[in-house]
Amino acid sequence: MTKTIEATNVEKMTIELHKLFNHLNTTLFEGKLPVPAITIESKGNKKAYGWCSVDAIWKGEDVEFHEIGMASEHINRPFMETATTFLHEIVHLHNGLNGIKDTSRNYTYHNKKFKQQCEAHGMEYTVMTEPCSKNGWNKPNLTDATYSMIKSFGIDESAFKLGRIDFTALPKMKKKTSWKWECPCGTVVRSSKPEINIACLDCGGQFENADEE
């Protein structure tokens, strides 16, 4: 029996994230939040699953949008983990639009105001009972009710099977700094250059590259 693999792509994921935003906005934020620019892009060197812009950084004639970005290297996590991150960022959007300063230390430390707004919008702290010294109250969980509600939205979770390679996690190749050369008489030397032209003083033979492939 031939197994059918459903095709997925970034467009499909973006469509489903917009659906999720619209549902969460309606059910948890009274439909008052403006739709942001929702992007799926590389986290670069950031240790983040997602982010929300402090300012409206997408601008055009008579329009401007805040941004909610989802890290492409982590977008293929189990969907409910992605949904948790997404709601976390929507809370940041809500706070920013309502003048609630919810972070400090260059936007990395999540303070008590962030915790309060998470708890007011479908999240809770079941695992994190104390703030992290570095990032504060940065890891809320979905409440059981919110979890069930998101499941009822009919989001196509199969769209989130594609993820970008995390190049920052790949082992870095060491730069070659030494080359091995051998004379027909068996004498071996090493050089710091990939090309040399030397002869052996013992037998007069020419050294040839002897590095293993």
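Predicted model, so just to flag it, every value in this text is computed and none were measured.
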Enquirer: Flag yes if Phe153 and Ile90 sit in one hydrophobic cluster, no otherwise; membership is Ile, Leu, Val, Met, Phe, Trp, Tyr, and two members link when side-chain heavy atoms are under 4.5 Å apart.
Expert: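 Linked, Phe153 and Ile90 end up in one cluster.
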Enquirer: Hey, could you give me the OG1/CG distance between Thr27 and Asn22, rounded to the nearest 0.5 Å?
Expert: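 Nearest 0.5 Å value for the OG1-CG distance: 10.5 Å.
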Enquirer: Tell me whether Lys12 is salt-bridged to Glu16, with the criterion being a basic N under 4.0 Å from an acidic carboxylate O.
Expert: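 Salt bridge flag = no for Glu16 with Lys12.
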Enquirer: Give the ring-plane orientation class for Phe114 versus His88, where under 30° counts as parallel, over 60° as perpendicular and anything between as tilted.
Expert: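 Answer is tilted, since the angle falls between 30° and 60°.
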Enquirer: Closer than 4.0 angstrom, basic N to acidic O: yes or no for Lys151 and Glu157?
Expert: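 Answer for the salt bridge query: yes.
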Enquirer: Which residue pairs satisfy the ring-ring contact (aromatic ring centres under 6.0 Å, His included) criterion with at least one member in residues 187-206, sequence neighbours excluded?
Expert: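 Residue pairs with at least one partner in residues 187-206: there are none.
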Enquirer: Could you check Thr187, Val188, Val189, Asn209 and say which one makes a side chain to side chain contact (heavy atoms under 4.5 Å, CB included) with Glu182?
Expert: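 Going through Thr187, Val188, Val189, Asn209 one by one, the side chain to side chain contact (heavy atoms under 4.5 Å, CB included) with Glu182 is satisfied by Val188 alone.
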Enquirer: Would one find more than 12 heavy atoms of other residues, nucleotides or ligands at under 6.0 Å from atom NZ of Lys46?
Expert: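 Atom NZ in Lys46 is packed in, count exceeds 12.
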Enquirer: Quick one, Leu28 with His94, criterion side chain to side chain contact (heavy atoms under 4.5 Å, CB included). Give me CA distance, side-chain angles, the key distance, then yes/no.
Expert: CA-CA 11 Å; Leu28 296 176; His94 166 271; over 6 Å; no
Enquirer: Measure the shortest side-chain to side-chain distance between Thr108 and Asn135 over non-hydrogen atoms and say whether it is less than 4.5 angstrom.
Expert: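 Yes, close enough: below the 4.5 Å cut-off.
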Enquirer: With a 4.5 Å heavy-atom cut-off, do Asn138 and Thr103 have their side chains touching?
Expert: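 Asn138 does not reach Thr103 side chain to side chain.
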Enquirer: Less than 4.0 Å between a side-chain N and a carboxylate O, is that true for Asp156 and Lys19?
Expert: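 Looking at Asp156 together with Lys19, the answer is no, because their closest N to O distance does not fall below 4.0 Å.
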Enquirer: Rounded to the nearest 0.5 Å, how far apart are CZ of Phe29 and NE2 of His121?
Expert: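 It comes to 4.5 Å.
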Enquirer: Count the heavy atoms of every other residue, nucleotide or ligand shown that sit under 6.0 Å from NZ of Lys59, and state whether that count exceeds 12.
Expert: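 More than 12 within 6.0 Å, yes.
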